[in-house]
Each structure stands twice: as C-alpha cells, then as structure tokens.
Protein chains: 2
Amino acid sequence: MLRLSKKSEYALMAVKYMALNQNGKCITVKEIAGIYGISFQLLAKLMQKLVKNNIIISQQGTKGGYMLNKQTKDILLADVISAIEENYSLTDCIESEDPEDSCARANCCIIRDPLAKVQQKINRIFAETTIKQIL
Amino acid sequence: MLRLSKKSEYALMAVKYMALNQNGKCITVKEIAGIYGISFQLLAKLMQKLVKNNIIISQQGTKGGYMLNKQTKDILLADVISAIEENYSLTDCIESEDPEDSCARANCCIIRDPLAKVQQKINRIFAETTIKQIL
DNA sequence: TTATATACGACTTAATTAGTCTTATATATA
DNA sequence: TATATATAAGACTAATTAAGTCGTATATAA
C-alpha cells in the first residue's frame with residue numbers, strides 16, 4: 001500500500017516522454033502506448049485528463065497529438081498525479097470537508113490529525129519536485 | 001492512490017490507544033475493537049503482526065492481552081506501518097531486488113529512478129515520526 | 001472525401017483489501 | 001484440575017477498487 005496507481009505511472013511516463021521527445025511537434029498516444037506497452041485506450045483517457053488540467057494541449061485530426069503546455073520546470077509531480085487521482089491522501093477523511101461523511105469512526109478517531117500532518121509533508125515532496133528535475 | 005490500508009490505520013490506532021491507556025496492565029483486542037468499532041478477528045491478526053515485529057508483547061489466557069514492548073519515543077510510524085504492509089512503496093519495482101520480476105516495462109522505464117528518490121524522502125518522513133509525537 | 005487523430009461515457013475484468021470462519025493453544029483462578 | 005478467557009493462525013468469502021475494453025462521436029490535414 002501507499003502505492004501510486006498504474007494510471008499515475010503511465011501519465012508520468014507520458015509527460016516525461018513528451019518532454020524528452022517533442023521538438024515542436026505533436027506526439028501521439030499511439031507512439032507512447034506502443035513504446036511502453038501501455039493500453040492505448042487507457043492512456044488516451046489519461047492524456048485527456050492532463051489536457052483538462054492544462055498540463056498538455058491536444059491537436060485533433062491527422063498530424064494531431066499532444067504537446068506540453070508548460071515548461072518542464074513549471075510542471076510539478078503533484079500536478080500530474082492530482083490530475084489523474086481524484087484525491088491522493090493517506091486516508092479517506094483527510095482533505096474531506098466533513099470527515100463524518102467518509103468515516104464512521106470520525107468522532108472517536110485518534111490518528112486523523114497526526115496523519116494530516118504527515119500528509120502535508122508528503123504533499124510538499126510532490127509539490128517540490130518538477131518534471132525538469134526527473135528528466 | 002497513495003492510501004494507507006485500513007489495516008495500517010487500525011494498527012496505528014491500537015498502538016496509540018495502548019500508549020495512552022496501558023498503565024502497567026494488559027489491554028485486550030476486545031477492548032480496542034469495541035471502542036473503535038473494528039472487526040475483532042481482523043484487529044487480532046494485526047496485533048499478532050505487531051508482536052512479531054517486537055512492537056508489542058502478548059500475554060495469553062485470562063487477564064491476558066497486549067502491552068507495548070518499547071517506549072513511545074522508540075516506536076516509529078515506519079515500524080508500525082511496515083509491520084502491517086508487506087512492502088509500502090510507490091511502485092512494485094521500487095525496493096524489489098530484481099525490477100524485471102515485478103514489471104514487464106523495467107527495461108524501458110523512465111520513471112523508476114526518479115520515483116525511488118521520492119520514495120526515500122517519503123520513507124524519511126515515516127522514519128522521523130514517533131508514536132510519542134502523535135499522542 | 002478519406003485517413004488519422006483525439007473525446008468520452010459505459011461497461012467488464014482483474015486484483016487487492018477487508019472481513020469472517022474455524023480450530024488450536026496458553027493461562028489465571030475458582 | 002476444570003473452566004472461562006485470552007491470543008495464534010490458516011483458509012476462506014465478500015466487498016471494493018483498479019485496470020482495461022468497447023463503442024461511438026468529433027475534429028482536421030491532405
């Protein structure tokens with residue numbers, strides 16, 4: 001546990017691949033999926049999420065594909081991961097406005113606040129690492 | 001998803017509960033499970049894992065139960081979590097001696113090493129936090 | 001007009017996590 | 001020494017989540 005999903009891994013690979021291989025031209029899902037042996041349909045939807053989060057831009061049609069929308073120094077690990085995972089946190093209750101909704105034990109829980117602090121430290125790590133740093 | 005398992009949550013709650021409530025006497029699984037609404041059988045097996053990792057000691061029979069085996073300042077978050085989770089890492093391949101075993105993409109993967117560095121930082125957080133700090 | 005690319009919701013399958021059932025063993029105490 | 005109470009532990013089932021697939025729509029360069 002405490003594992004990144006395959007989806008996040010794929011998205012990260014795709015972003016890094018684009019950073020290394022786009023030279024003013026579009027890169028297709030087919031190309032990335034082919035090289036890394038990732039399901040085409042699955043990766044396609046991850047790319048769409050990256051578009052919605054303004055990390056990449058898309059060009060439809062022939063000669064289409066994707067390009068990074070920012071410089072690699074301006075794309076954070078946190079950006080990519082949070083674009084893919086709805087919420088990434090140690091527990092369900094952390095980062096939910098009303099803890100009672102996500103946990104029946106919210107009233108007697110003794111680890112929520114301590115884990116929330118740990119969460120902040122983890123968030124900091126992901127927010128301090130850029131794509132440029134991992135090229 | 002980067003989530004802690006319920007098992008780790010329960011184990012953490014149990015350890016903190018024992019730290020706060022044991023006063024030289026044993027605390028039973030029944031007591032902890034009852035207070036927090038945790039499955040008795042499930043918590044029982046988590047306690048057994050904590051015993052095997054020398055975090056707590058057990059006393060069988062009537063008047064039996066569990067007691068912490070160390071001072072709270074000497075029990076790390078990392079100790080408790082790694083006692084419960086077989087391996088907690090961002091990816092399957094990190095911390096496996098032979099990455100090829102756990103991943104078909106090991107030969108072409110471009111994110112393994114960067115994520116391994118992130119992993120080290122996360123490990124540091126868990127290894128720097130003691131139970132005493134979260135009481 | 002055609003080939004090629006993304007967009008996206010619905011669905012299925014696979015894997016993992018959480019929880020249960022059952023039986024065995026240890027021990028304080030009446 | 002019998003009994004009640006507690007832990008020990010493997011096998012199993014249920015529930016949840018993650019991963020992957022299918023089908024159809026839309027955009028665009030040539």
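Note that the structure is predicted; figures quoted are calculated from it, not measured. So you know, we letter chains A, B, ... as the sequences are listed, proteins then strands, and number each from 1. Just so you know, these numbers use all the heavy atoms, side chains as well, and skip hydrogens, waters and symmetry mates.
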Between [X] and [N], is there a contact of a side-chain N or O with OP1 or OP2 at under 4.0 Å?
{"X": "A:Tyr10", "N": "D:dA19", "result": "no"}
{"X": "B:Lys52", "N": "D:dA9", "result": "yes"}
{"X": "B:Ser39", "N": "C:dT20", "result": "yes"}
{"X": "A:Gln41", "N": "C:dC8", "result": "no"}
{"X": "A:Lys30", "N": "C:dT6", "result": "no"}
{"X": "B:Ser58", "N": "D:dA8", "result": "yes"}

What is the distance, rounded to the nearest whole Å, between atom [atom1] of [X] and atom [atom2] of [N]?
{"X": "A:Gln48", "N": "D:dA27", "atom1": "CD", "atom2": "P", "result": "14 Å"}
{"X": "A:Arg3", "N": "D:dT17", "atom1": "CZ", "atom2": "P", "result": "18 Å"}
{"X": "A:Leu42", "N": "D:dA19", "atom1": "CG", "atom2": "C1'", "result": "6 Å"}
{"X": "B:Leu46", "N": "C:dT20", "atom1": "CG", "atom2": "P", "result": "13 Å"}
{"X": "B:Phe40", "N": "D:dA6", "atom1": "CZ", "atom2": "C1'", "result": "8 Å"}
{"X": "A:Asn87", "N": "D:dT17", "atom1": "CG", "atom2": "P", "result": "11 Å"}
{"X": "B:Gln60", "N": "D:dA4", "atom1": "CD", "atom2": "P", "result": "18 Å"}
{"X": "B:Lys49", "N": "D:dG10", "atom1": "NZ", "atom2": "C1'", "result": "13 Å"}

Donor-acceptor under 3.5 Å ([X] side chain, [Y] main chain):
{"X": "A:Lys16", "Y": "B:Ile110", "value": "yes"}
{"X": "A:Gln22", "Y": "A:Leu68", "value": "yes"}
{"X": "B:Asn53", "Y": "B:Lys49", "value": "yes"}
{"X": "B:Lys7", "Y": "B:Ile84", "value": "no"}
{"X": "A:Arg105", "Y": "B:Gly37", "value": "yes"}
{"X": "B:Arg3", "Y": "A:Leu2", "value": "no"}

*Tell me which nucleotide among C:dA28, C:dG19, D:dA9 gets nearest to the side chain of B:Thr62.*
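Given the options C:dA28, C:dG19, D:dA9, the side chain of B:Thr62 is closest to C:dA28.
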
*Between A:Gln59 and A:Ser5, which is nearer to the 5' end of DNA chain D once each is assigned its nearest nucleotide?*
A:Ser5

*Hey, which sits more toward the 5' end of DNA chain D by its nearest nucleotide, A:Asp92 or B:Met47?*
B:Met47

_Counting only Watson-Crick pairs (N1-N3 plus N6-O4 or O6-N4) and G-U wobbles (N1-O2, O6-N3), all under 3.5 Å, who is the partner of D:dA30?_
C:dT1

*Side-chain donor or acceptor of A:Lys45 under 3.5 Å from a matching atom on the base of D:dT21?*
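Such a pair is found, so the answer is yes.
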
*By nearest nucleotide on DNA chain C, pick out whichever of A:Tyr66 and A:Met1 is the more 5' one.*
A:Tyr66

*Specify the residue among A:Gly64 and B:Gly61 whose closest nucleotide of DNA chain C lies further upstream toward the 5′ end.*
A:Gly64

